[in-house]
Novice: 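The structure's right below; bear with me while I get my questions together.
Hydrogens, waters and symmetry mates are skipped; everything else that's a heavy atom, side chains included, is used. To find a chain, count down the sequence lines: A is the first, B the second, and so on, and within it residues start at 1.
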Amino acid sequence: MSAAVISTAGQAVAAGGQVVATAHPGNLVNVVAAVDNTFLLIFGISAALLVLITAAMVYFVIRYSRKNNPVPADFSNNLWAEVIWIVLPTLLVLGMFWSGWHSYRALRDAPADALEIKVLARMWAWDFEYPDGRHSGTLVVPMGMPVKLSLTSKDVIHGFFAPAFRLKIDTVPGMTSHGWFRADKAGEYVIFCSVYCGVGHAKMLSAIKAVSQADYDRFLAEKPTAGGHAGKALLDAKGCLGCHSLDGTESVGPTLKGVYGRMGVFVVPGAKGGEKRLKLDEAGLKAVIMEQRPWRVKGFEPVMPSYADQMTPEELAKIVGFLKNGDASGQAAATVEAAATQEQGRALAEAQGCLGCHSTDGGQIVGPSFKGLYGRPSTAKDKAPVDQAFVQALLQDPAARLGRASTMPAYPDLTGAERRKLVLFLKSLGSAPGIKSGKEPGMDHGMEHGAGHDAAAGAHQ
Amino acid sequence: MDQTDQTDQTDQTGHPDQTPSTAASGASQPFFGPQNPGATGGKGSGLASWIFSTDHKRIGLLYLGLIGLMFTVALVLGLILRLKLMTPGSTLLTPQQYNAMFTLHGVIMVFMVVIPSIPASFGNIFLPLQIGANDVSFPRLNNFSWWLYVLGMTLAITSIFTGAGAPDTGWTFYVPFSERTTTNVSLAVIAVFILGFSSILTGLNFITTVHRLRTPGMTWKKLPLFVWSLYATGWIQVLATPILGITALLIFAERVLHLGLFDPGLGGDPLLYQHLFWIYSHPAVYIMILPAMGVISEIIPVFARKPIFGYNMIAFSSLAIAFAGSLVWAHHMFTSGMSDTAVLVFSFLTFVVAIPSAIKVFNWLSTLYKGSISLDPPLLFSLGFIFMFSIGGLTGLVLGAAGTDIHVHDTYFVVAHFHYVIFGGTGLGMFAAMHYWFPKVFGRMYDHGRAAWAFWLILLGMNVLYFPMFIMGLQGMPRRYYDYLPQYAPLQMLSTWGSWLLAVGLGLMFWNLYRGCRFGPRATQNPWGGATLEWTLPTPLPHEAFHHDPEAPEPYDYKGINPDG
């Protein structure tokens, strides 16, 4: 039995497909090795104890059987024995606790230079958003680079589980959780959803693709929806295709192939005959997608969520347009979104209250002025320059990005498009590429100092 | 409808024959027979005399019958689930059917089988007898508890067939999913609420009984360890179960009134629900395991003919487990996104709970040391308990350590761990209790050889069924998956074979007990040579146990007591 337990642990390590103990420059912790060491420690002690207990049991039953030992001894305690087996288990479990805590810290403490990627889970698909606002359904990362994930969920609780990296963290709606990993070897690593989330739970799989830095850059340069219909991309992004196929096969839900204009048959509790017919034209599809419904499509389970709070009317229109016309049209609609302007950014900054703390004219209010801020080293602990990735991360979680407490609130509800608009606006206020490193601008300094920087930046321009 | 059928059945098996017991005190009538045998069909033999009975022994048997029925239902569900999972891509069930089935398997097993299992059945029958009392403190409340159980059970079964489909949330009812799903969750949580009250009232009854009804001279240090474990369990039931009740009601309120406690869209917090749920449901694990530990502490010294080793420590560790076990709930939430500080604290406390459990195992082993051991079926099941519980407990250390828990949380590893502790632990403890007290309750003896065969089949089946799950879990197989990647196929198949072995073993065991009940040789008063008070009573148990307060015995002193069977 003990051999089985140990070999189990060994298999698990091997099966994880992770390079254990890669020599790495610097003092980066190898998380997988740390976790696996805890596994081996606990399994080793456990196996020894189990063998001991089982062997003692079997030996006593044979050695002290009624035949071999007709007269039982008469004792019912022994102080030393009892002291030993209070103290010994206590020491063992304290050691295990400490080892477990140590490896947990390794799992939690993301390196400061980690690439930040946002994860949005929904029934039953994953969406990954990169610092430049690009989205994808599989997580593409450059190998060797630590990746920090900020995760949340659109609907119910899901769990991001990448066994190869011993990483698991729940995605909770209304809350952002974090995790990090580093893929040292190129390859594909499976992502499971670990928290039960309904009928598509077992299909909520994705992959981490670890690629070279060059391939990663190439990936980022790709146009996300190039050649595709915006409505089709939305069907994918909203997770519709997790249950509804486009090729005519029935899955969790009915196929979407040729669905437009069809007569849908729905089971409605309480209706006459228990059924209702609905023509799936624009109005019909809108009702099906957006309404909270007690009824279901005949022959299928009532599991489809309402998308009322997850889809804008424009998005719905694109999807219906795709279902109606296929790939042929709809390109025009896609271009509307791209026309984000700095003016929209200014309006957004006003609406979100950014301008209450950040001036646009170089004056200091609460935070640093936006004027000439873009491209300058920030006030974050690591003095990262204010660029698109920085703004993204700052809006998501200011304290985490700055590496210190901050009065700035988080804006996790801003969409990627809105963030891009804000960045455009920020850029329009001038940037300062020529700032020498070592100087510390920003709100931790006096008014004059900050204003001086701004003046310098302005002059440079 | 179910309860009627089942009580009929209990009633029948309760009448192995109508002739009086052959025990020395021929005047006493078995408690399951009519009170006045002269008047046929008179007082004490009809259905009403059972379902409205305030006799703790009859109530115990009523529970035993229903628990057996519910166990069978949930077992069949489990076997179907395993059959579905035998091959990847199997379409034996639809995803929705699969989700409903694992939910029902969990809800029924946890709330209707394992939580009431030993306390409600054997606890009801033997707790009063072991302390020299003729009944529990509140006999009518005891009957009411049973009716609440019947009501909760009926509602839970109803929830499968009514509304928009059987609940599909898993037995944990995690929000926001349980708020959004259109299936019949509302009725199911009401059922859980009512079942909770059944448990609370039983716990309250036991605590009061232990405090008030001990026979003169039975000091706390002379209390049998089974009573100690039920006493500790009673406190958990009384203190923790109300939280489950209110949590279940809050889910109902969320679904019906959209109260906004747990739904982030309405300003609620999903993690709040998890805290509330586990504040009950983790201590509930100790409600499940403590009584089984009590049974093992009774059986081992009897069959080793040697006093229990470290009585004080075993009794104290029951209380320590009950207390410390109430402080570890959030170890179910290491991946939930709660703070790292909370992870540190709850990981540490979890390891603290491991210590009293380890102490118990060492004490049982020391009781065997230099004993004079007779390997009868109750002891076989008890040793099986120690083995399975050790595996379950030791793998629990992996789950208590923060770093390793992250990897195996919500995987098959947890499923395996839980089944080793609860099925291998509580389940085998329950079977040990059945084999130990069977002759005392039914007045007949089962076949020992067949019982041993059944035991080995069950032990082998359990390990073939659940051990592969440890490996799959370490390899990342998430739980509650309708389908799986091909890499897990061989172990999934092996696990399903194990489920068949287990089913055969269980079938053999129940058949053997049924045969024993109907046709077995008559049992003697004290076939194992136990020193606790129930063994001084006639076999089968009479209507009224003690005509005057018995003298409190030394519960583990076997000098002068010999097995008479």
Novice: When only pairs under 4.5 Å are counted, which of C193(A), A162(A), S103(A), G159(A) shares the most heavy-atom pairs with chain B?
Specialist: C193(A)

Novice: Closer than 4.0 angstrom, basic N to acidic O: yes or no for D483(B) and K203(A)?
Specialist: no

Novice: Heavy-atom distance under 4.5 Å to chain A: side chain of V361(B), backbone, both or neither?
Specialist: side chain

Novice: By a 4.5 Å heavy-atom criterion (distance strictly below it), what part of V172(A) contacts chain B: side chain, backbone, both, or neither?
Specialist: side chain

Novice: What part of S178(B) lies closer than 4.5 angstrom to a heavy atom of chain A: side chain, backbone, both or neither?
Specialist: neither

Novice: Where does I42(A) contact chain B at under 4.5 Å (heavy atoms): side chain, backbone, both or neither?
Specialist: side chain

Novice: Checking L375(B) against chain A: side chain, backbone, both or neither under 4.5 Å from a heavy atom?
Specialist: side chain

Novice: Heavy-atom distance under 4.5 Å to chain B: side chain of N68(A), backbone, both or neither?
Specialist: neither

Novice: Heavy-atom pairs under 4.5 Å with chain A: which of G393(B), S374(B), S372(B) has the most?
Specialist: S372(B)

Novice: Examine whether an atom of F303(B) lies under 4.5 Å from a heavy atom of chain A, and if so say whether it belongs to the side chain, the backbone or both; otherwise answer neither.
Specialist: backbone

Novice: State, with a plain yes or no, whether a side-chain heavy atom of F161(A) is found less than 4.5 Å away from one of H407(B).
Specialist: yes

Novice: Side chain, backbone, both or neither: which part of T54(A) has a non-hydrogen atom closer than 4.5 Å to chain B?
Specialist: side chain

Novice: What option among G310(B), P356(B), A358(B) has the most heavy-atom pairs under 4.5 Å with chain A?
Specialist: G310(B)

Novice: Answer with side chain, backbone, both or neither: which region of F389(B) has an atom nearer than 4.5 Å to a non-hydrogen atom of chain A?
Specialist: neither

Novice: Relative to chain B, which segment of R63(A) carries a heavy atom at a distance below 4.5 Å: side chain, backbone, both, or neither?
Specialist: neither

Novice: Distance under 6.0 Å and angle within 45° of the ring axis: does K306(B) meet both against F75(A)?
Specialist: yes

Novice: Answer yes or no: is there a donor N or O on one side and an acceptor on the other, between the side chain of T38(A) and the main chain of S99(A), under 3.5 Å?
Specialist: yes

Novice: Let me know if L88(A) has heavy atoms under 4.5 Å from chain B in its side chain, its backbone, both or neither.
Specialist: neither

Novice: With respect to chain A, which residue among G337(B), A354(B), S336(B), S390(B) yields the maximal number of heavy-atom pairs within a distance under 4.5 Å?
Specialist: S336(B)

Novice: How long is the straight-line distance from CZ of F309(B) back to NZ of K370(B), given to the nearest 0.5 Å?
Specialist: 12.0 Å

Novice: OH of Y488(B): more than 12 outside heavy atoms within 6.0 angstrom?
Specialist: yes

Novice: In terms of heavy-atom proximity below 4.5 Å to chain B, should L41(A) be classed as side chain, backbone, both, or neither?
Specialist: neither

Novice: Among L383(B), T367(B), V343(B), which residue forms the greatest number of heavy-atom pairs with chain A at distances under 4.5 Å?
Specialist: V343(B)

Novice: Are F181(A) and Y189(A) close enough that their ring centres sit under 6.0 Å apart?
Specialist: no

Novice: Is E179(B) reaching over with its side chain to a backbone N or O of P176(B), donor-acceptor style, under 3.5 angstrom?
Specialist: no

Novice: Please determine, by modelled atom types, if D168(B) and Q96(B) share a side-chain donor-acceptor pair under 3.5 angstrom.
Specialist: yes

Novice: Of the backbone (N, CA, C, O) and the side chain (C-beta and beyond), which part of F413(B) lies under 4.5 Å from a heavy atom of chain A, both, or neither?
Specialist: side chain

Novice: Sort F334(B) into side chain, backbone, both or neither according to what part of it lies under 4.5 angstrom from a heavy atom of chain A.
Specialist: backbone

Novice: Any Lys/Arg nitrogen of D405(B) or K168(A) sitting under 4.0 Å from an Asp/Glu carboxylate oxygen of the other?
Specialist: no

Novice: Top residue by heavy-atom pair count (under 4.5 Å) with chain B, among A56(A), P70(A), S153(A)?
Specialist: P70(A)

Novice: Where on M57(A) is there a heavy atom nearer than 4.5 Å to chain B: the side chain, the backbone, both, or neither?
Specialist: both

Novice: What I want to find out is whether D74(A) reaches K559(B) closely enough, with some N-O distance under 4.0 Å, to be called a salt bridge.
Specialist: yes

Novice: Between D410(B), D340(B), L397(B), L365(B), which has the largest tally of heavy atom pairs under 4.5 Å with chain A?
Specialist: D340(B)

Novice: Tell me, side chain or backbone of L271(B) under 4.5 Å from chain A's heavy atoms, or both, or neither?
Specialist: side chain

Novice: If I measure from the heavy atoms of chain B, does V195(A) come under 4.5 Å with its side chain, its backbone, both, or neither?
Specialist: both

Novice: Answer yes or no: is there a donor N or O on one side and an acceptor on the other, between the side chain of T350(B) and the main chain of G400(B), under 3.5 Å?
Specialist: no

Novice: Could you check whether Y196(A) and H201(A) have their ring centres less than 6.0 Å apart?
Specialist: yes

Novice: Taking every non-hydrogen pair under 4.5 Å, which of V352(B), L485(B), T395(B) racks up the most with chain A?
Specialist: L485(B)

Novice: Taking side chain as everything from C-beta outward and backbone as N, CA, C, O, which of these in I86(A) sits under 4.5 Å from a heavy atom of chain B? Side chain, backbone, both or neither.
Specialist: both

Novice: Can you tell me if Y369(B) has over 12 outside heavy atoms packed within less than 6.0 Å of its OH?
Specialist: no

Novice: Has K84(B) got its NZ or CZ under 6.0 Å from the middle of the six-membered ring of Y482(B), at an angle within 45 degrees of the ring axis?
Specialist: yes

